There are 2 protein chains.
Amino acid sequence: MASNEETPRRGRGRPPGNRRDEILRAALEVFAESGFNGASLATVAERVGLTQQGLLHYFPSKQQLLVAMLDKRDELDRQPQRFSPEELVNVVQRNAERPGIVQVYTVLSAESVTENHPAREHFAARFADVRQRFAAILREKYGDHLPGGVSADEGATLLVAVMDGLQLQWLHAPDEIDMPDSVAAMLRLMTGDSVLSGE
Amino acid sequence: MASNEETPRRGRGRPPGNRRDEILRAALEVFAESGFNGASLATVAERVGLTQQGLLHYFPSKQQLLVAMLDKRDELDRQPQRFSPEELVNVVQRNAERPGIVQVYTVLSAESVTENHPAREHFAARFADVRQRFAAILREKYGDHLPGGVSADEGATLLVAVMDGLQLQWLHAPDEIDMPDSVAAMLRLMTGDSVLSGE
DNA sequence: GTCTATACGTAGATAGAC
DNA sequence: GTCTATCTACGTATAGAC
């Protein structure tokens with residue numbers, strides 16, 4: 001392997017790749033498994049071979065670790081271009097293969113409605129943003145009044161609700177819930193388009 | 001008020017009404033505000049004028065307090081008779097006036113997908129049950145194939161998802177989300193019935 | 001950059017007095 | 001039935017050595 005010149009291994013045998021990124025990946029896992037309240041810094045640290053105090057060198061508090069993790073995810077999730085309703089099913093399909101990510105969002109978005117939760121604002125803003133984006137997508141293709149008989153705004157709210165609700169049911173019963181199928185069914189209800197991977 | 005003979009006030013000036021029930025009410029509040037992990041027994045105890053140790057006399061552990069609280073709620077929530085799709089909107093309307101109850105369910109049902117959570121089984125069973133009940137209701141009125149073009153089972157899954165997802169969005173933005181309106185819109189999409197408090 | 005030591009708080013639970 | 005006292009465990013965070 002000719003990766004020698006690309007990984008200078010400056011400090012010690014460390015495989016570079018920003019320690020911070022490793023930590024954020026571990027944090028995602030741990031927050032998914034235990035929520036923010038249930039998670040401990042020591043557990044996150046352990047997964048990257050650090051002590052709790054070593055971790056605090058990179059992120060000076062648990063809160064800041066959470067925020068950094070959410071910001072990183074937002075960055076990665078940012079869809080480069082607008083996608084069509086059809087492509088939404090693909091996004092959901094992809095999610096169904098990443099239970100960890102689905103679980104962090106489900107757990108944290110709900111936990112964040114509790115008092116003084118550090119991610120409250122984050123999720124409130126995120127929901128508002130996603131609703132707007134979905135509404136724009138629907139409006140672009142179908143106008144303000146969807147074929148199914150609801151407005152683009154109402155349709156966006158329902159679509160977001162269905163996706164979150166399905167994730168919750170799926171996490172509780174992965175074998176009984178088929179998220180892509182159900183989202184496709186929902187889109188058919190709203191748009192009347194049977195092009196959507198259904199019958 | 002002639003409530004004297006009904007409240008013997010045996011022990012002391014205590015307003016009877018099972019201490020256990022008071023505790024369960026307080027537990028619901030506190031779990032709603034902080035989730036299970038975030039809540040402390042002391043906070044619950046304080047609200048009913050007890051110390052943490054006094055509370056443990058009635059419920060020997062935090063877990064058992066949670067379970068007892070959920071069982072109690074289930075008992076109260078048990079709908080005496082089957083309700084129709086139209087009545088479902090009323091149920092949602094009633095929920096919109098009880099943010100505390102909506103919040104416990106939203107927070108705990110999501111938190112319960114985390115590792116070793118004491119309410120995991122409870123919510124998994126509850127979801128399965130509600131899906132079945134909703135499917136039966138839809139099937140009874142519309143048969144196996146709903147007018148909107150989805151099966152009764154798929155419709156039930158979607159309906160449950162929408163309700164949970166709307167609650168989450170509503171808790172984050174009470175002024176922007178109208179749960180009864182949106183549920184009515186969802187029912188119209190599935191059943192084609194415009195009788196449902198819509199246009 | 002990562003560790004040891006440690007301060008400090010809080011939480012759940014037990015034992016036993018009243 | 002409710003309290004005081006107490007044990008034990010854990011969690012965040014700071015200070016400072018290496």
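Residue numbers start from 1 in every chain, and the chains themselves are labelled A, B, ... in the order their sequence lines are given, proteins ahead of strands. Everything numeric here is computed off the predicted structure, so don't read it as measured data.
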query: Would you call B:K72-B:E75 a salt bridge at under 4.0 Å N-O?
result: no
field: Interatomic distance where CD belongs to B:Q63 and C1' belongs to C:dA13 [whole Å]
entry: 13 Å
field: Short side-chain donor-acceptor distance under 3.5 Å, A:S34 and B:E115
entry: no
message: Whole angstroms only, please: what is the CG-P distance between A:L55 and C:dT4?
response: 15 Å
Interatomic distance, B:K62 NZ vs C:dT14 P [rounded to whole Å]: 15 Å
Atom-pair distance (CG on B:L41; C1' on C:dT14), nearest Å: 14 Å
- request: Would you check if there is a donor-acceptor pair between the side chains of A:N95 and A:Y105 at a distance under 3.5 Å?
  value: no
query: B:H57 has an atom NE2; how far is it from atom P of C:dA13, in whole Å?
result: 16 Å
task: Look at the aromatic rings of A:F134 and A:F83 and report parallel, tilted or perpendicular, splitting at 30° and 60°.
output: perpendicular
Polar atom pairs (N or O), protein with nucleotides 5-10 of chain C, under 3.5 Å:
residue: C:dA5; atom: N6; partner: A:Q53; partner atom: NE2; Å: 2.8

- request: Please work out if B:A45 contacts a base, only the sugar-phosphate, or nothing of the nucleic acid, heavy-atom cut-off 4.0 Å.
  value: nothing
task: Rounded to the nearest angstrom, tell me the gap between atom CG in B:L66 and atom C1' in C:dA11.
output: 16 Å
- prompt: Closest nucleotide of DNA chain D for A:L56 versus for A:T43: which of these residues is on the 5' side?
  reply: A:T43
message: Under a 3.5 Å cutoff, is there a donor and acceptor pairing between the side chains of B:S84 and B:E86?
response: yes
field: d(CD, A:E46; P, C:dC3) in whole Å
entry: 12 Å
query: Rounded to whole angstroms, how far apart are CZ on A:F59 and C1' on C:dG1?
result: 14 Å
field: Polar side-chain atom of B:S40 near backbone of B:T43 as donor-acceptor pair, under 3.5 Å
entry: yes
